[in-house]
Structures are given as structure tokens and as C-alpha cells.
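Beneath this line is the structure, given in C-alpha cells, with notes to follow.
Residue numbers count from 1 along this sequence. These numbers come from a predicted model, not from an experiment.
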Amino acid sequence: LVPNFIYTKDYFREHVLSDAAQGSCMYLVPRKRYTYWTPQWLHDTKFGVSTSPFPSFWFIQCMQYTEDIKQWYSTRPSHETKAVQLATCVEELPNEVRAAFDPLKKRPNPKMRKKKRKEAMAKMQKNR
């Protein structure tokens, strides 16, 4: 389980997506964004604080078992796969988990960007 931006780093492409491992890296992406709990001792609250600083998903290197895993996943009933999506390459990653600097990430249309900006401003005003 690693942050979403790792796949855009040079060291990831150099080591994980090298010629020997080409095509054997897959990504198991949760359909709902994971949240993490900070340790209780960092905060005055009883339970700590829930945070989700970045999307994260599982990077899976299967080497010679890649095709077997793809086949196995494709035969799973839909109720078993509704919580996660298997992406067999970077191009199949859902747009909402793509890293900010991924050239394949699509920007929302201008109308949607304006709406999101307006929502963020309203949230900021409410939190003051």
C-alpha cells in the first residue's frame, strides 16, 4: 500500500517497470478512498484524527503469476470485486487516483472546476 504519486517517480519506472518486470506490475485500487488515523498521542482527542492526505492503492508485482492473477480476478463475482478495481497497467488507473503530475490525468471541465472552487471557498468560509 503506497501513495498514488509513487508510480510517477523515476526510481519506480527504473526498478519496478524495468524490462525484466514489464507487464507484471498491477494495481489494486480501492473504490473508496482510504483514510488513516493519526496516533492518539499527537492530538488532544481521545481517538486521534482521521486523515486522507493522498489517494493510495496497492502495487502488486506478480512476475510469472501475472496472467494467473488476471484470470482469477476476472472470474470473481461482482459482489467480491465491488470494493476494489484491478488495473493491469498505469493507463487503466482511474482518473480520481492518478497523481497530480500524471500526463494522463484528465482535468475536470471548466464548469466542474468552477463548481469545486466555489464549494472549497464556501467550506473555507464556514470553517472560519
Side-chain angles (χ1 to χ4, degrees):
L1 181 63
V2 294
N4 67 331
F5 57 83
I6 297 296
Y7 75 91
T8 64
K9 300 296 184 184
D10 290 337
Y11 58 82
F12 178 80
R13 286 192 292 267
E14 183 180 322
H15 295 289
V16 178
L17 298 180
S18 65
D19 292 337
Q22 193 66 33
S24 69
C25 188
M26 296 186 291
Y27 312 90
L28 197 58
V29 183
R31 296 195 193 275
K32 184 178 174 192
R33 188 171 173 157
Y34 285 152
T35 55
Y36 303 93
W37 288 95
T38 58
Q40 181 181 345
W41 55 268
L42 285 175
H43 305 281
D44 294 335
T45 62
K46 184 176 180 181
F47 300 107
V49 176
S50 173
T51 182
S52 184
F54 44 75
S56 54
F57 47 90
W58 299 91
F59 286 54
I60 308 167
Q61 187 101 33
C62 303
M63 302 306 277
Q64 71 267 27
Y65 303 106
T66 301
E67 291 305 317
D68 294 335
I69 304 256
K70 287 180 192 177
Q71 178 64 33
W72 173 82
Y73 187 83
S74 69
T75 62
R76 306 313 312 150
S78 63
H79 70 275
E80 289 183 14
T81 60
K82 70 179 176 182
V84 293
Q85 174 184 346
L86 181 68
T88 58
C89 60
V90 169
E91 291 77 21
E92 289 181 9
L93 287 171
N95 199 53
E96 56 273 7
V97 299
R98 288 188 176 279
F101 298 109
D102 183 344
L104 298 174
K105 184 172 180 117
K106 295 178 184 152
R107 289 179 66 188
N109 66 43
K111 191 174 181 180
M112 182 59 72
R113 290 196 312 263
K114 185 177 180 180
K115 180 181 175 184
K116 292 239 185 228
R117 223 177 8 258
K118 190 175 180 179
E119 289 171 355
M121 291 299 287
K123 187 176 180 181
M124 254 178 38
Q125 294 297 327
K126 184 181 177 183
N127 290 337
R128 283 187 177 187

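Residues Ala99 and Thr8 come closest through the heavy atom pair CB-CG2, 3.7 Å.
Partners of Pro77 by side-chain contact (heavy atoms from CB on, under 4.5 Å), not counting sequence neighbours, listed by chain and number: His79, Glu80. Every residue meeting the side-chain contact (heavy atoms from CB on, under 4.5 Å) condition with Gln71, not counting sequence neighbours, appears here in chain and number order: Ser74, Thr75. With sequence neighbours excluded, the residues that form a side chain to side chain donor-acceptor pair (under 3.5 Å) with Tyr36 are Ser56. A search for side chain to side chain donor-acceptor pair (under 3.5 Å) contacts involving Tyr73 returns nothing, not counting sequence neighbours. Checked against ring pair (Phe, Tyr, Trp, His ring centres under 6.0 Å), Phe59 has the following partners two or more places apart in sequence or in another chain: Phe12, Tyr27, Phe57. For the side-chain contact (heavy atoms from CB on, under 4.5 Å) test, residues two or more places apart in sequence or in another chain that qualify with Arg31 are Gln85. With sequence neighbours left out, Asp10 forms a side chain to side chain donor-acceptor pair (under 3.5 Å) with Arg13. Every residue meeting the side chain to side chain donor-acceptor pair (under 3.5 Å) condition with Arg33, not counting sequence neighbours, appears here in chain and number order: Ser52. Partners of Lys115 according to the side-chain contact (heavy atoms from CB on, under 4.5 Å) rule, which considers only residues two or more places apart in sequence or in another chain, are Met112, Glu119.
Taking OH of Tyr65 as the start and CE of Met63 as the end, the distance is 11.0 Å to the nearest 0.5 Å.
Leu104 and Phe101 fall into different hydrophobic clusters, where Ile, Leu, Val, Met, Phe, Trp and Tyr residues are linked whenever their side-chain heavy atoms come under 4.5 Å apart, directly or through other members.
The side chain to side chain donor-acceptor pair (under 3.5 Å) pairs that include a residue from residues 89-105 are Tyr7-Asp102, Thr88-Glu92, Arg98-Asp102, where partners are two or more places apart or lie in different chains.
The local environment of OH in Tyr11 is crowded, with over 12 non-hydrogen atoms from other residues, nucleotides or ligands closer than 6.0 Å.
Other residues sharing the hydrophobic cluster of Met124, ordered by chain and number and joined by side-chain separations under 4.5 Å: Met121.
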